[in-house]
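First the structure, in the form of structure tokens, and then the observations on it.
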Protein chains: 2
Amino acid sequence: MVRARISDVAAAAGVSVTTVSLVMNDVESRIPEQTRQRVRDAARAVGYAPSSVARGLRTQQTRTVGLISDQIATTPFAGRMLAGAQDAARESGHLVFLVNTDGDAAIERDAITALSAQQVDAMIYACMWHRVVEAPEGLPASTVFLDCRPEGGGFRSVVPDDRAGGLAAVRELVAAGHRRIAFLDTDDAPIASTLRYDGYVEALTEADIPVDPALRVAGDTSAHGGRAAFDRLLDLPDDQRPTAVFCFNDRMAVGVYTAAHHRGLEIPRDLSVVGYDDQQLIAAEQDPPLTTVALPHYAMGRWAMEVALGVRAEGDEDAAHLMECPVIRRGSVGPPPAQVAKPNRRRASHTERLP
Amino acid sequence: MVRARISDVAAAAGVSVTTVSLVMNDVESRIPEQTRQRVRDAARAVGYAPSSVARGLRTQQTRTVGLISDQIATTPFAGRMLAGAQDAARESGHLVFLVNTDGDAAIERDAITALSAQQVDAMIYACMWHRVVEAPEGLPASTVFLDCRPEGGGFRSVVPDDRAGGLAAVRELVAAGHRRIAFLDTDDAPIASTLRYDGYVEALTEADIPVDPALRVAGDTSAHGGRAAFDRLLDLPDDQRPTAVFCFNDRMAVGVYTAAHHRGLEIPRDLSVVGYDDQQLIAAEQDPPLTTVALPHYAMGRWAMEVALGVRAEGDEDAAHLMECPVIRRGSVGPPPAQVAKPNRRRASHTERLP
DNA sequence: GTGAAAGCGCTAACAG
DNA sequence: CTGTTAGCGCTTTCAC
């Protein structure tokens, strides 16, 4: 089936192409309703759909957006970010070109070229982990950075408020009565971990709890890494062992669960734990379900798209927009044990708890 | 900065636009290298990049593909599928429009209209779960269905070979010596679960093991569902209890781990388990790591794109292309216990095993 | 109220 | 070997 053109509609309706264009675009003009209807009927009859390509060439506006992302396959976060951006784009009648670079600079360069050639109306440069990136050459100045900030600024950007997230997480623990709170850190995510640690320190400070460097241990960001690191804390003498731990992420928190269980410690009775990321498949399915801090991926994606499209006026080139990370309360936080539990001693009062 | 046009390059190089076009597109023509170089230099000098929009209008080929997907935010699989499609598109110089419909029919309709208006060269209709879908109106006949098949056929499609996957999974268990093998089923994924069950039956049959209906139990697809369902099997008398279980998916397998641990059963010493999906964050991080069957999302995405773009000639409109699901061997399968382990009895020979 | 015509930036006959 | 020119399908002045 060959596409119907605007001239086909004009011929069918017995009017000029100008009239058809005016009617199709609802341009304010005093074309009588009768004519409009005739045009619309003709359009439907010939199966007319205007060509965005021709319109784009004429108006120099394509109603398309380019979204360049460094990863997409390897993280469960990508989808929510894309969904947010997507929804915002759709709401204002735009289509999005998605390019996954896998961190390859050559692919990235080509993508920028191709997207520019397509004359996208806006561009978003996204990362799947909050970090500082060197802005690639050739990006339009109006590009919005998503979940990353360009080194040296110069672009609008949105990132999670990891400091406030860490603060909220630890406040949760402080409010439950804990005073010996550990921070399960990592060296694999410099920006995010530093900010979360800052929040941790702030929460302790406002509660007049001294920051004990011994309670900060680091591991890699996996469950295994979390377990190995936290095990070192469990080796501490009873009166120095933490009664609660704030973990850099949910996966490490899973390692804490394992380490605790192997010592006969029950969560949250003997140990409270808070994670970060709110990974559905992990946090919600633990036993007990993990209290954690959610990363606002959907909201960030939406914000970036709205700013890129000019729907939202916000966005400062010199300061990243900070997006709130809400605490998701589940079952892994409780009051501290009256007396620190002895390792390897199973309690008789053990109550089963299903996920 | 205003875009440079082809005429700018022509003027700068002192040639006609034809020459520039010929050079830029490497058209076979006897333009001397000297001229070619002059044109290329001029193009670089004025910062020329050809407009895909204008070219698209002229050639009626946009080098873009539309990918409509029912979900993207809520599944960890989406990314791999997109990555596969993406990579194939990039390799043949195409850009992909991604549209996430969230299963909303109105959004889907609009997406098809918008994508057609953009004159995409090809279209892919993707689902995130293997199933049969009603093909929406307006899809071009050349559309390729990804991880789903259209009711009534008529389109090319690619889906995982769930039957063969189930067969391979259970063969794994049979090869380890098991004869009482359970199937942890679900009612939430009709197509996939039926096919996997078919594979299960086939594996048992070829090993002359009778199919025992009592060893098939169903639950919802979560860890909780898996645990609840499998618990019923653990209630069976010792000599009827399965020594191995093939689970519909990895999440349910996690429930099996939990159920087993609560009875003092150790995996794989007392119970062997095989999952399905190979969800990285789940399967690989269990203790012991879960042996499972991988869903070939990347390969399916790539296949669909290659077929849609005509890079690959395969693809039958009347039969879905079946993609192999490889077994990923990890640590959850072992020989059956010499004698069925008694529930709630901890063995002394317990050896610790880290993830 | 409606139409003619120019032109968006490019490719590809066709001439020369 | 290179240039002239006619559109691709649409929007938008400007005339009538």
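- Side-chain contact annotation: A/Gln86 with A/Tyr298, donor-acceptor N/O pair under 3.5 Å absent.
- A donor-acceptor contact under 3.5 angstrom links the side chains of B/Ser51 and A/Gln119, judged on distance only.
- Taking atom CZ of B/Arg55 as the reference point, atom C1' of D/dG9 lies 18 Å away to the nearest angstrom.
- In this structure, the side chain of B/Ser21 does not engage the main chain of B/Val17 through any donor-acceptor pair within 3.5 Å.
- With rounding to whole Å, B/Gln60 atom CD is found 14 Å from C/dA12 atom C1'.
- Side-chain nitrogen and oxygen atoms of B/Ser16 include at least one within less than 4.0 Å of the OP1 or OP2 phosphate oxygen of D/dG3.
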With 3.5 Å as the limit, what N/O pairs link the protein to nucleotides 12-16 of chain D?
residue: D/dT12; atom: O4; partner: A/Thr18; partner atom: OG1; Å: 3.3

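- Atom CZ in B/Arg36 sits roughly 11 Å away from atom P in D/dC1 (whole-Å rounding).
- Distance B/Arg5 CZ to C/dG9 P: 5 Å, rounded to the nearest Å.
- For A/Glu134, the CD atom counts as loosely surrounded, since its 6.0 Å shell holds 12 or fewer non-hydrogen atoms of other residues, nucleotides or ligands.
- Ring geometry for A/Phe77 against A/Trp129 counts as perpendicular: the plane angle is over 60°, on a 0 to 90° scale with 30° as the lower cut.
- Summarising the local packing, CD of A/Glu314 is surrounded by more than 12 heavy atoms from other residues, nucleotides or ligands at distances under 6.0 Å.
- Map B/Gln119 and B/Arg38 each onto its nearest nucleotide of DNA chain D; the residue landing nearer the 5' end is B/Arg38.
- Rounded to whole Å, atom C1' of C/dC10 lies 13 Å from atom CD of A/Gln118.
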